[in-house]
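FYI, side chains are in, hydrogens and waters are out, and symmetry mates aren't considered; it's all heavy atoms of this structure. Small disclaimer: the values here were computed from a predicted structure and weren't measured.
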Amino acid sequence: MEIFQATKGMMVHSFKRFITSFFVVIFIALPIFLIVNFMYSNSSFSLFEGLTKDKVLLVGESEYANNTTNVTTNIGGRIHNKSDDNIKGSYNNIVNNNTMSKVQGKIENDTTTTEGRSATTIGLKNESITSSTNDSNIHKVQGKIENGTTTTEGRSATTIGLKNESTMHAVIHDDYKEKFLDGLLASEFDETSCISRLQSHLYRKSSPHKPSSYLISKLRNYEEIHRRCGPNSKAYNKIMTKILHSKNIKVDDASMCKYLIWTPANGLGNQMVSIAATFLYALLTNRTMLVRFRKDKQGLFCEPFRNSTWLLSEKSPFWNQDHVETYQSVIEKEKDNKNSKVDLPSSLFLNLQYQANFHEKFFHCDDSQALLIKVPLLILQSDQYFVPSLFMTPFFNKEVEAMFDEKDTVFHHLGRYLFHPSNSAWRLITNLYQAHLAKADEKIGLQIRVFNPISTPQEVIMNLVSNCTIHNKLLPKVIDMKNSMSTSSDKNKTITKAVLVASLYPEYGENLKTMYMNKPTDTGEVIEVYQPSGEEQQKFNDNKHNMKAWVDMYLLSLSDVLVTTSLSTFGYVAQGLGNLKPWLLYKLTNNETHFPACVREFSMEPCYHAPPKHYCSGKPIKDFASSFIYTRECKDYWPGVKLVN
């Protein structure tokens, strides 16, 4: 009995100790377990923080979609897998498939690292399932990350996706800006109808000149006017019929459709600069611009305006202007009838071509513009870039100044807006570019215009070209073979320069090619010369000739350095599209030597060869710069003027 009581006492004592120990363990272990579980499941808290300087950041995890299946990050060389249960949000509204791939100790495509910091990422490579956006592929541009994954100096980061919605929009906007030239181009176009619209930015450097928000708003507004009033619309058919059958229609309603029909004169270069000037005039006067393209320009350009066409039908009664009263005759009537009003016609022909026997038109004057604005339909013929005269006109100058923050970028913006190579032209351009220019370290465009081939020998022209390019270190000197070892050994890498020659005469390309072929140069550079075409003579109203000319102009605009011939509108188009200030070869008309052989242009704007010679008062203009602050005399032609900033 004593033994039984002793045993019972011991059991009771042991049970009390067990209960005490159990509660001690519960009170100690349970909080630890909960803390560990919280730390493990909470993606913003790192177990290893304090043990390593590399802090793991899951930036913007709430932005990710529920369809993300697995996230794999690399922490200090260890793989750490987490469920996607904690990664929820609205990101799947923008990103379609966000299945992520492992990063095996290195950064794949969308994250950069610098010395002294580490990063982990969700890469895009090989078997990794890519993340795609609605607007663009994720890509790296100039050392920065375009999908929102970045690391900054002095810290390491593992970044999954975009930090927030604004960052996400910024990424899409960056790609949008590249494709659509910072908002210059409208996005609502069928891409297959004009491939060059969305591919041209891949072949040239990004322009530092951004269109103003006011210019962009004017372009979008114009596109709506063109859609409403353009060919085949109800308004177009109604107004054109009314203009045709009524002699005196005045513009009495701001919403009334008004028209500006451009008609060609001279060669393709002249036509393109005059189209750009005419379009600016249409923007300023809220007119719908139509172009009279004959068969010689079919298939050269894409349609520039969405949901409409800029082509005037050959069946239009205004295809020819023979029956249309001229602007000059109306001006004469105004002079003869000072005390009485002159009835204005419903349509008017305005000739702004360059003419040897110059007759002042006073187009730059307010009185003239006040008259013209009342006419519903203007037919304008010009071979000139008359944009400077619009800056001279008080009627327009405030408006046009607001449209262009940089006054020497008018053609650069309007040319890139209007002139997109057609798919057939783009195929030629890209094939030639890939074959002859793509691999070069530097691309040099050389445009040689010979105004008088009979009195100007080829040797004289070649000397002019050589003196210009070598003296200004655009091209190297050719040296003797015995001196080649010392120069070439100084170069660790051979630099290749591709020279694109644009000329009617193939001999210039051949001569330059022979000059450098298999010859050592004083810089060790390798010079490759290519001339796409050589028509021998300029042809008018010829579609194939115009196609070759357009391809040559566009290829020249893709150059890094440009050399053009003075007075050539061919060169004006190339320099304007390409944001280039060319070296101007002096115009030679006889067997003469000129030094220096060329001068550097101060503006990429085309030269206006036939500016007004009189103020609106009738007093002669002696100095443009003092009277019109955005104009200067052209370097390649006096008395021409051009815009400067």
Side-chain angles (χ1 to χ4, degrees), residues 264-277 296-297 300-301 353-354 382-385 387 411-412 414-416 418-419 421 425 428-429 432 443-453 456 461 464-465 468 499-509 512 530-559 561-589 598 601 603-610 634-637 640 642:
N266 223 313
L268 185 62
N270 291 82
Q271 292 178 29
M272 291 178 70
V273 297
S274 69
I275 288 174
D296 64 320
K297 281 180 286 298
L300 267 64
F301 309 109
Q353 290 187 77
Y354 173 83
S382 179
D383 55 2
Q384 291 296 303
Y385 184 71
V387 168
F411 186 83
H412 180 59
L414 297 186
R416 292 183 304 151
L418 291 170
F419 304 121
L428 291 171
I429 290 166
L432 290 170
K443 298 176 286 294
I444 299 174
L446 178 57
Q447 185 254 337
I448 303 174
R449 171 79 184 271
V450 182
F451 290 91
N452 195 333
T456 314
I461 299 293
L464 188 76
V465 171
C468 172
V499 182
L500 177 79
V501 179
S503 177
L504 288 173
Y505 305 98
E507 294 84 3
Y508 294 109
L512 200 61
Y530 175 67
Q531 182 171 344
S533 64
E535 296 283 276
E536 297 287 351
Q537 61 181 359
Q538 187 171 4
K539 301 174 184 178
F540 296 95
N541 303 318
D542 186 304
N543 184 261
K544 289 183 178 179
H545 179 84
N546 282 339
M547 178 66 82
K548 291 178 181 179
W550 176 217
V551 169
D552 281 2
M553 276 188 273
Y554 201 93
L555 287 171
L556 286 173
S557 76
L558 302 178
S559 304
V561 179
L562 185 62
V563 180
T564 64
T565 302
S566 296
L567 270 172
S568 174
T569 53
F570 196 103
Y572 294 167
V573 172
Q575 71 194 42
L577 293 178
N579 180 35
L580 298 165
K581 295 179 181 178
W583 292 88
L584 290 169
L585 292 169
Y586 277 95
K587 176 187 174 183
L588 298 181
T589 56
C598 58
E601 183 57 276
S603 169
M604 61 178 159
E605 278 287 285
C607 177
Y608 181 20
H609 294 157
C634 301
K635 283 196 172 186
D636 61 337
Y637 180 70
K642 69 190 317 180

Inset, instruction - With the side chain counted from C-beta on, respond yes when Val465 and Tyr508 share a heavy-atom pair under 4.5 Å apart, and no when they do not. - result: no
Inset, instruction - May I ask you to decide if Asp296's main-chain N or O and Asn543's side chain share a donor-acceptor pair within less than 3.5 Å? - result: yes
Inset, instruction - Specify whether Phe419 and Trp550 have parallel, tilted or perpendicular ring planes, treating 30° as the upper limit for parallel and 60° as the lower limit for perpendicular. - result: perpendicular
Legend entry - Cys598 and Leu585, any side-chain heavy atoms less than 4.5 Å apart: yes
Legend entry - Asp636 versus Leu567, closest heavy-atom pair with distance: OD2-N, 2.9 Å
Inset, instruction - Could you tell me whether the side chain of Lys642 and the main chain of Ser603 form a donor-acceptor pair under 3.5 Å? - result: yes
Inset, instruction - Apply side-chain contact (heavy atoms from CB on, under 4.5 Å) to Phe411 and Val273, showing your working. - result: CA-CA 8 Å; Phe411 186 83; Val273 297; 4.2 Å; yes
Legend entry - Distance-minimising heavy-atom pair for Leu556 and Gly445: CD2-CA, 3.7 Å
Inset, instruction - Could you tell me whether the side chain of Ser382 and the main chain of Ser274 form a donor-acceptor pair under 3.5 Å? - result: no
Legend entry - Gln271 to Ala265 - nearest heavy-atom pair and separation: CG-O, 3.5 Å
Legend entry - Set of residues satisfying side chain to side chain donor-acceptor pair (under 3.5 Å) with respect to Lys443, sequence neighbours excluded: none
Legend entry - Worked verdict on Phe301 versus Leu418 for side-chain contact (heavy atoms from CB on, under 4.5 Å): CA-CA 9 Å; Phe301 309 109; Leu418 291 170; over 6 Å; no
Inset, instruction - Taking the side chain as every heavy atom from C-beta outward, state whether Val573 and Tyr554 have any pair of such atoms under 4.5 Å apart. - result: no
Legend entry - Verdict with supporting geometry, Phe570 and Met553, side-chain contact (heavy atoms from CB on, under 4.5 Å): CA-CA 7 Å; Phe570 196 103; Met553 276 188 273; 3.5 Å; yes
Legend entry - Validation row: Arg416, Leu577 side chains within 4.5 angstrom (heavy atoms): yes
Legend entry - Set of residues satisfying side-chain contact (heavy atoms from CB on, under 4.5 Å) with respect to Thr564, sequence neighbours excluded: Gln447, Leu562, Gln575, Pro582, Leu584
Legend entry - pair Leu504-His545: side-chain heavy atoms closer than 4.5 Å: yes
Inset, instruction - May I ask you to decide if the ring planes of Tyr354 and Tyr637 are parallel, tilted or perpendicular, using 30° and 60° as cut-offs? - result: perpendicular
Legend entry - Side chain proximity check, Thr569 to Tyr385, heavy atoms < 4.5 angstrom: no
Legend entry - Val563 vs Cys468 side-chain heavy atoms within contact, under 4.5 Å: yes
Inset, instruction - Could you tell me which non-hydrogen atom of Glu605 sits nearest to which non-hydrogen atom of His412, and how far apart they are? - result: OE2-N, 4.2 Å
Inset, instruction - Output yes when a side-chain donor or acceptor of Glu601 lies under 3.5 Å from a complementary backbone atom of Lys635, and no otherwise. - result: no
